[in-house]
Amino acid sequence: MENKDIQVLINGQEFKAKEGELVIDIARRNGIFIPALCYEESLKPYGACRMCIVEIKNEGVKKKITTSCTLQAFDGLSIETDSEEVLKHRRMLLELYLAQAPNSEKIKELAQRYGVKKTRFKEKFRENDPLNNSCILCGLCVRVCNEIMGAGVIGFIGRGEKTRINTPFFEKSDLCLGCRACAEVCPTGAIKFSDEGNIRIANSWSNTSVELKKCKMCGKYFAPSKLDEKIDSIYYYRDKNNELRDLCPDCRRKVITKRINLITENEVERYAK
Ligand code: SF4
Ligand code: FES
């Protein structure tokens, strides 16, 4: 059954939404910026970084400041994304993150946007940090690796102050698919990969390496073979003889465009007769 249509107020402006929809999604859909570090639409809301906080303005609601990535909309909900209270909390969080991830340019940029130029907390520099002192421990990379890619390569290591994200015992992993999903979702740009010839190296994960497939048309290395095998094992009905699967995205596009043009030309000829 489809959810009920409702109206919500964001910063005093009325918007249509569906009951139960996440407030962050409603805001984004309507072009309202709410900073978010650990939110990823394809995963269940988690509420780890608290950067997406908003203030609820409705009477009788106990929790006034809450995370918009976990807040489900109801009819008449009224929130403010940048109230004084929200900005106070958000600036404090940014100071904490500046100390936690002192090398992250993305955190610095966000801090600047909110007028936070430095932190009052002690910066945590770690020697030879595989995540370049840029990790805020939001856990997004771990969740994507586990819940979307089903690989489970990385996790939280250690406790308290010493908590880190990496492969078990900081060792190379046999499970890594080289998909780079962790690096794509990381909000602080902490995770590094590099491609060298036919090898992709997960620099942040103890230089774990995977082989890349070569494009049959242009010879460029483009996708990890292990990832291809994993996709085959899930989509077992995938056509293994389809020549397109051995082509890089650019060449694939060229071949498809050529085929479409050919079909169109044939059609034109057919109708011209
Ligand atoms: S590496 Fe990035 S995604 Fe992973 S926990 Fe750290 S900040 Fe979050
Ligand atoms: S984005 Fe909402 S808590 Fe992190």
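Because the structure is a prediction, the values reported are computed rather than measured. Atom set for the values below is all heavy atoms of this structure, side chains included, hydrogens, waters and symmetry mates excluded. Each residue takes its place number in the sequence, starting with 1. Order of appearance sets the numbers: ligands from 1, and atoms from 1 within every ligand.
Not a single N/O/S atom of Cys49, whether from backbone or side chain, sits less than 2.8 Å from atom 2 (Fe) of ligand 2. Backbone or side-chain N, O or S atoms of Cys52 reach atom 2 (Fe) of ligand 2 at under 2.8 Å. Under 2.8 Å from atom 4 (Fe) of ligand 2 lies an N/O/S atom of Cys38, whether from backbone or side chain.
Atoms of ligand 2 lying under 4.0 Å from any heavy atom of Thr67, numbered from 1 in the order shown and given with element: 3 (S). Listed by number with element, the atoms of ligand 2 under 4.0 angstrom from any heavy atom of Ala36 are 1 (S). For ligand 2, the atoms closer than 4.0 angstrom to any heavy atom of Leu37 are 1 (S). For ligand 2, the atoms closer than 4.0 angstrom to any heavy atom of Ala48 are 3 (S). Of all atoms in ligand 2, numbered sequentially from 1 with element shown, those under 4.0 Å from a heavy atom of Tyr39 are 1 (S). Set against the non-hydrogen atoms of Gly47, the atoms of ligand 2 under 4.0 Å away are 3 (S). Interface atoms of ligand 2 facing Cys69, defined by a heavy-atom separation under 4.0 Å, are 1 (S), 2 (Fe), 3 (S).
Nearby protein atoms of type N, O or S around atom 6 (Fe) of ligand 1 amount to 1 (distance under 2.8 Å).
Residues Glu14 and Gln7 approach most closely at OE1-OE1, 3.5 Å, considering heavy atoms. Scanning all heavy atoms of the two residues, the minimum distance from Asp129 to Ser134 falls at OD2-N, 4.3 Å. Among all heavy-atom pairs drawn from Val210 and Pro224, the shortest one is CG2-CB, 4.1 Å.
If you run side chain to side chain contact (heavy atoms under 4.5 Å, CB included) between Arg259 and each of Val255, Thr257, Leu262, only Val255 comes through.
By the neighbour-count criterion of 12 heavy atoms within 6.0 Å, atom NZ of Lys16 is sparsely surrounded, having that number or fewer from other residues, nucleotides or ligands.
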Audit row: Thr81, Asn11, side chain to side chain donor-acceptor pair (under 3.5 Å) steps and yes/no: CA-CA 7 Å; Thr81 58; Asn11 301 334; 2.9 Å; yes
Evaluate the criterion side chain to side chain donor-acceptor pair (under 3.5 Å) for residue pair Asn58 and Ser78; output intermediate values, then yes/no. CA-CA 6 Å; Asn58 301 70; Ser78 170; 4.8 Å; no
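Summary of contacts: the protein heavy atom closest to atom 3 (S) of ligand 2 is Arg50 N, 3.1 Å.
The cationic atom of Arg28 (NZ for Lys, CZ for Arg) does not lie both less than 6.0 Å from the six-membered ring centre of Tyr39 and within 45° of the ring axis. The cationic atom of Arg143 (NZ for Lys, CZ for Arg) lies less than 6.0 Å from the six-membered ring centre of Tyr46 and within 45° of the ring axis.
Partners of Thr70 by side-chain hydrogen bond (donor to acceptor under 3.5 Å, both in side chains), not counting sequence neighbours, listed by chain and number: Thr67.
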